[in-house]
Amino acid sequence: MSEEKKVQLSEAFYTQSDEEVLQKFDTTTEGLSAQEAKKRLESYGANALDEGKKKSIVVKFFEQFKDFMIIVLLFAAVISAVFSGDMVDSFIILLVVVLNAIFGVIQEAKAEQAIEALKEMSSPNANIRRDGHVITVKSDELVPGDIVILEAGDVVPADLRLLEAASLKIEEAALTGESVPVEKEATILEGTASDIGIGDRINMAYSSSNVTYGRGIGVVVGTGMNTEVGKIAGMLANEKETETPLKQNLNQLGKMLTIAILVIAAIMFVVGMMNGRTWIDMLLTSISLAVAAIPEGLPAIVTIILALGTQKMAKKNAIVRKLPAVETLGSTDIICSDKTGTLTLNQMTVEALYTDNEVKPATAEVSLDNMALKIMNYTNDTKIAQDGTLIGDPTETALVQYGLDHDFNVTEKVAAEPRVAEIPFDSDRKLMTTVHQLTDGKFLVAVKGAPDELLKRCNQVLLNGQTPALEDKQRQEILTNNTKLAKQALRVLGMAYKIVDAVPAEMDSDVVEKDLVFAGLVGMIDPERKEAAEAVKVAKEAGIRPIMITGDHRDTAEAIAARLGIIKEGDDDAVITGAELNELSDEAFAKVVEHYSVYARVSPEHKVRIVKAWQQEGKVVAMTGDGVNDAPALKAADIGIGMGITGTEVSKGASDMVLADDNFSTIIVAVEEGRKVFSNIQKTIQYLLSANLGEVLTLFIATMLAWDTLLPVHLLWINLVTDTFPAIALGVEPAERDVMSHAPRGKKSNFFSGGVLSSVIYQGITQGALTLIVYKMAIEFPAHTAANMPNLSATALYDLQHGDALTMAFATLGLIQLFHAFNVKSIYQSVFKVGLFRNKSFNWAILVSFLLLAATILIPGFNDLFSVTSLDGYQWGIVAGTSFAIIPIVEIVKFVQRRMGKS
């Protein structure tokens with residue numbers, strides 16, 4: 001095929017005849033020649049999806065430096081190095097920043113390794129006709145115009161326009177979301193391309209779907225990125241990455257801190273200059289203030305908290321691909337979930353059996369000689385593998401599994417009464433018949449199929465071992481039960497039989513499938529996961545709204561949603577189809593989006609519309625899914641949750657998190673972990689910022705009053721030791737008992753929501769005030785006086801008294817933060833109710849931090865390094881007593897807040 005004649009692979013071939021399609025691709029039913037196939041491979045490219053470029057470790061590393069807070073810290077490090085000449089501050093800041101980047105890269109690498117381990121290692125082969133012969137080639141070598149032969153068990157290797165279909169059924173759940181295999185026909189579809197959805201294109205076979213029954217022949221009309229799967233992958237490339245609430249909040253925090261620091265530093269600079277100090281002196285003082293104000297450990301601490309969260313989640317089968325996704329789950333308002341394989345098992349299962357005028361649940365006992373049980377197993381092409389796995393059409397395997405669950409050994413039974421003839425299923429008559437030789441020499445004609453079609457061919461009914469004539473009343477009774485089962489979203493099949501003396505000479509439907517005895521009905525469904533209903537209940541209690549999005553029919557979707565508790569039974573106003581959604585503009589849909597909890601017969605584009613409509617309402621949206629059709633919505637959502645076992649590679653690649661066990665309830669565990677992570681990050685921020693505010697106020701007010709209180713080395717040591725360890729330990733605090741009883745905080749909340757900002761302010765002021773009080777007391781009431789130190793000169797005595805005051809202020813500011821760490825275990829609850837020593841990591845962090853703080857004062861040699869003096873028991877008593885005062889002060893404020901109803 002010349003380049004000029006290259007076919008547009010986006011045409012609606014399903015509305016064209018076989019001859020038209022073959023002519024357009026310049027091919028025949030005998031296939032292409034090897035030479036022509038080679039030319040087309042060069043022209044169209046390999047039949048594979050574009051994987052895109054993978055980021056190198058270097059790129060991933062430098063991407064970690066895009067964060068606004070990181071940029072602020074780097075700027076502070078440069079300024080500190082250039083103007084102060086003290087490289088210690090700069091080194092510590094740079095070390096923290098680099099560690100933060102390393103943590104991020106390691107986590108991404110671990111997640112990618114876990115995802116790679118879930119990938120299928122082999123690509124399917126395809127049986128095709130080339131040069132008039134049937135050969136097997138790798139699926140990536142297929143080209144438009146190739147003739148592909150399909151059989152049960154095959155994976156469809158490319159998009160095909162079917163030329164032949166013999167009882168062909170293809171399972172397209174990964175593409176359409178519909179759990180029941182689609183019956184295919186080699187016919188021409190009437191209508192326009194926009195009228196016929198993917199799920200209704202019965203003369204097409206799509207790449208990555210599975211042949212479950214029958215056989216067929218098709219011509220390749222789409223390969224690689226030109227397949228329906230490829231189009232969805234292309235949509236992903238154009239979909240913007242959503243910025244997580246965590247990233248937004250950290251950016252907001254960084255900007256707020258930057259503005260606050262600049263304002264305070266400018267005021268200090270101006271006031272200092274007015275008081276006669278040099279601009280260099282004030283610049284260095286302002287840099288010291290910046291060191292005190294910027295929580296340089298915050299990005300690393302947040303990363304550590306998130307990393308610890310991901311480790312816990314990984315143990316519970318939730319693999320996080322991007323660190324912020326842990327926290328984003330905690331803010332989720334809406335969980336949009338695919339039905340098939342996510343809320344359900346994607347496994348047809350018998351739900352009910354109607355026999356002898358009685359509907360029995362699947363768990364009820366059934367006699368082994370029950371004729372309905374026998375027919376459903378006999379008229380069945382399911383194969384049983386050596387390991388017990390059932391291979392075949394999901395509907396038929398469900399029937400065999402039902403038999404096995406009731407001790408009906410189909411292998412032994414069929415061996416005793418073998419199949420000797422059959423009429424295969426076809427979509428016109430909607431029946432399948434098999435003939436079996438009985439031990440008495442007669443033959444059983446067993447028929448199963450659509451109940452309405454089957455009843456037309458029955459003139460008797462099996463009732464308690466008798467076979468009376470099938471009267472109109474009994475016929476209506478059967479149809480009524482059929483309707484009842486169908487309204488429960490069950491797929492219903494009827495079973496009938498007759499006993500004949502010989503195998504019919506001609507296996508013709510009109511001859512064989514008549515004068516039958518009706519034996520019963522069987523209802524099947526793709527059942528909901530057992531744990532899914534409980535997960536939905538917990539989600540609702542947590543204020544999260546579950547939304548079901550599926551490609552299945554309206555009745556099926558409504559029934560499953562009601563069984564799961566997503567909607568109330570009979571609440572069909574909460575259900576909308578893709579066709580109905582098409583009639584709504586984006587503006588109109590936005591006005592009514594809150595009315596619907598179930599979306600049926602939807603396309604990938606619909607899913608993205610649904611996600612974005614909720615996002616426009618200001619909601620944080622999570623999307624779960626396993627199919628290719630879910631991928632665009634997974635990427636568009638605030639957090640995409642893919643399935644590790646049944647999920648396609650496209651959906652996993654688009655996800656922020658992958659469930660290794662495909663268990664919907666794991667999402668709720670992850671939500672709880674996410675809420676705990678956010679709460680702990682809030683506690684960390686409250687702790688760090690209140691401590692840093694105390695430092696800033698201490699330095700700012702002291703500068704305004706011309707007091708010489710704290711040196712840069714003191715601030716750095718406090719930030720490094722008494723800030724860092726307790727802050728990290730707060731990140732692993734157990735979840736508060738009511739963490740899942742609160743409504744989601746949503747997009748409008750930030751780290752300062754829920755009383756954190758007010759707590760930071762009053763607690764920071766309290767810390768600064770207590771520190772300045774201790775400093776002033778040490779100056780006004782010194783331990784060393786002229787009376788007890790008569791040999792010291794006035795200058796030496798002042799230096800000693802000032803050294804004591806400086807040391808006491810340093811020790812108080814450090815120790816007060818350690819005591820205050822207990823306060824921030826809860827914003828409003830008493831620390832004695834939350835548990836003082838519940839967190840072992842926290843206890844060790846406080847102890848280690850105290851020892852490192854005390855070492856600077858108590859260990860000889862450290863005094864000169866930190867410019868501090870040794871304190872006596874009286875001075876330590878003042879430091880300890882004043883520092884401890886932060887606990888009763890905060891407890892009193894919390895008590896008042898609780899009485900005011902703030903918690």
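Predicted model only: the values in this text are computed from it and were never measured.
- Applying the side-chain contact (heavy atoms from CB on, under 4.5 Å) criterion to A559, with sequence neighbours excluded, gives A489.
- Applying the salt bridge (charged side-chain N to carboxylate O under 4.0 Å, His left out) test to residues at least two apart or on different chains, the pairs with a partner in residues 368-388 are K374-E417, D381-R419.
- Taking the ring pair (Phe, Tyr, Trp, His ring centres under 6.0 Å) definition, one finds that Y378 meets it with H436, sequence neighbours left out.
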Identify each donor-acceptor pair in which a side-chain atom of residues 163-170 lies under 3.5 Å from a protein atom, sequence neighbours left out, and give them as a table.
| unit_1 | atom_1 | unit_2 | atom_2 | d |
| --- | --- | --- | --- | --- |
| S167 | OG | F425 | O | 2.3 |

Legend entry - Chi angles and distances behind the side chain to side chain contact (heavy atoms under 4.5 Å, CB included) call for L584, I576: CA-CA 11 Å; L584 297 175; I576 186 173; 4.1 Å; yes
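- Residue pairs meeting the salt bridge (charged side-chain N to carboxylate O under 4.0 Å, His left out) criterion with at least one partner in residues 345-362, sequence neighbours excluded, are E351-R563.
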Tabulate below the donor-acceptor pairs under 3.5 Å that side-chain atoms of residues 458-466 make, not counting sequence neighbours, or state none.
| unit_1 | atom_1 | unit_2 | atom_2 | d |
| --- | --- | --- | --- | --- |
| N459 | ND2 | D515 | OD1 | 3.1 |
| Q460 | NE2 | T467 | O | 3.0 |

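- Partners of K487 by side-chain contact (heavy atoms from CB on, under 4.5 Å), not counting sequence neighbours, listed by chain and number: T483.
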Name each donor-acceptor pair under 3.5 Å that joins a side chain in residues 442-452 to protein atoms two or more places apart or in another chain, with its distance.
| unit_1 | atom_1 | unit_2 | atom_2 | d |
| --- | --- | --- | --- | --- |
| K448 | NZ | T379 | O | 2.7 |
| K448 | NZ | E396 | OE2 | 2.8 |

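- Residue E20 places its CD atom among more than 12 non-hydrogen atoms of other residues, nucleotides or ligands, all under 6.0 Å distant.
- Side-chain contact check for L493 versus L399: some heavy-atom pair is nearer than 4.5 Å.
- Residues satisfying the side chain to side chain donor-acceptor pair (under 3.5 Å) test with N481, not counting sequence neighbours, are E477.
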Using a 3.5 Å cut-off and no angle test, enumerate the donor-acceptor pairs between side-chain atoms of residues 500-509 and protein atoms at least two apart in sequence or in another chain.
| unit_1 | atom_1 | unit_2 | atom_2 | d |
| --- | --- | --- | --- | --- |
| D508 | OD2 | D510 | N | 3.1 |
| S509 | OG | R457 | NH1 | 3.0 |
| S509 | OG | E513 | OE1 | 2.7 |

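- Here D18 pairs with R161 in a salt bridge; the nearest charged N to carboxylate O distance falls below 4.0 Å.
- By the ring pair (Phe, Tyr, Trp, His ring centres under 6.0 Å) test, F408 is found to be paired with no residue, residues two or more places apart in sequence or in another chain being considered.
- Aromatic ring orientation, F518 versus Y354: tilted (interplanar angle from 30° to 60°).
- Here the side chains of V410 and K413 are not in contact, with every heavy-atom distance at 4.5 Å or above.
- Contact check for L470 versus L455: side-chain heavy atoms found under the 4.5 Å cut-off.
- Residues satisfying the side-chain contact (heavy atoms from CB on, under 4.5 Å) test with L390, not counting sequence neighbours, are T382, I384, T397, V400, Q401, L404.
- When each of T577, T550, D200 is checked for a side-chain hydrogen bond (donor to acceptor under 3.5 Å, both in side chains) with R601, only D200 meets the rule.
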